Student: 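Next up is a structure, given as structure tokens.
Each chain gets a letter, A, B and so on, in the order the sequences are listed, and its residues count up from 1. Worth saying up front: this structure is predicted, and the values here are computed from it rather than measured.
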Amino acid sequence: QKEVEQNSGPLSVPEGAIASLNCTYSDRVSQSFFWYRQYSGKSPELIMSIYSNGDKEDGRFTAQLNKASQYVSLLIRDSQPSDSATYLCAVRRRDFGNEKLTFGTGTRLTIIP
Amino acid sequence: SAVISQKPSRDICQRGTSLTIQCQVDSQVTMMFWYRQQPGQSLTLIATANQGSEATYESGFVIDKFPISRPNLTFSTLTVSNMSPEDSSIYLCSVGQAGYTFGSGTRLTVV
């Protein structure tokens, strides 16, 4: 089982609709969860972080975390063509002064005008 | 969030040679991370670099192949040694505070 799993897509969503991206993780001790957006040829850009169960909203983005189910999701409302990118889920674990961020394989999202 | 300057942005190297990648951060940070992103794939952590101590390498990565320096709290280098075509990849440095910021990456092609 991979540490962080995402559906690789591609996921196609009409402009203006809601895009839903999902991620599961295997390490129950993981403490922090991140969503990154990566445009082709660019480095990842942090768009959301979430640390506790529930929803966290930032503009058109909502991150959802369910630690019991080891599940993280990202909702993008009113999807725009500029949202077309690969979305990477990342999970952080910290212990004994060390920390490690583990990435999923990413979901490629295409917004259709 | 921190701003990272990474260079070179890209290079084409002959097999058997070495390339050193530099990352400069605009603020002091305890940990710096080095990742590799192979074509069409996600990010894999190579090692964590703490100032004043040996880097910690992930499984599958060794110091002889990927030596790292961390001379101060704002700078680190990663060397890719004795390169082969399989080392062709994008290499990224990252620093983590509340979230992680990445450098712009180094696209390495080994011929």
Student: Which label fits A:Tyr51 and A:Phe34: parallel for a plane angle under 30°, tilted from 30 to 60°, or perpendicular past 60°?
Tutor: perpendicular
Student: List the residues meeting side chain to side chain contact (heavy atoms under 4.5 Å, CB included) with B:Ser81, not counting sequence neighbours, and say none if there are none.
Tutor: B:Ser18, B:Pro67, B:Thr79
Student: Looking at A:Thr62 and A:Glu57, would you say the former's side chain and the latter's main chain have a donor-acceptor pair under 3.5 Å?
Tutor: no
Student: Of the backbone (N, CA, C, O) and the side chain (C-beta and beyond), which part of B:Leu92 lies under 4.5 Å from a heavy atom of chain A, both, or neither?
Tutor: side chain
Student: Go through the atoms of B:Glu58 and report whether side chain, backbone, both or neither lie under 4.5 Å from a heavy atom of chain A.
Tutor: side chain
Student: What part of A:Gln6 gets closer than 4.5 Å to chain B, counting heavy atoms only: side chain, backbone, both or neither?
Tutor: neither
Student: Is it true that B:Phe66 and B:Tyr57 have ring centroids separated by less than 6.0 Å?
Tutor: no
Student: Name the region of A:Leu88, side chain, backbone, both or neither, that has any atom closer than 4.5 Å to a heavy atom of chain B.
Tutor: side chain
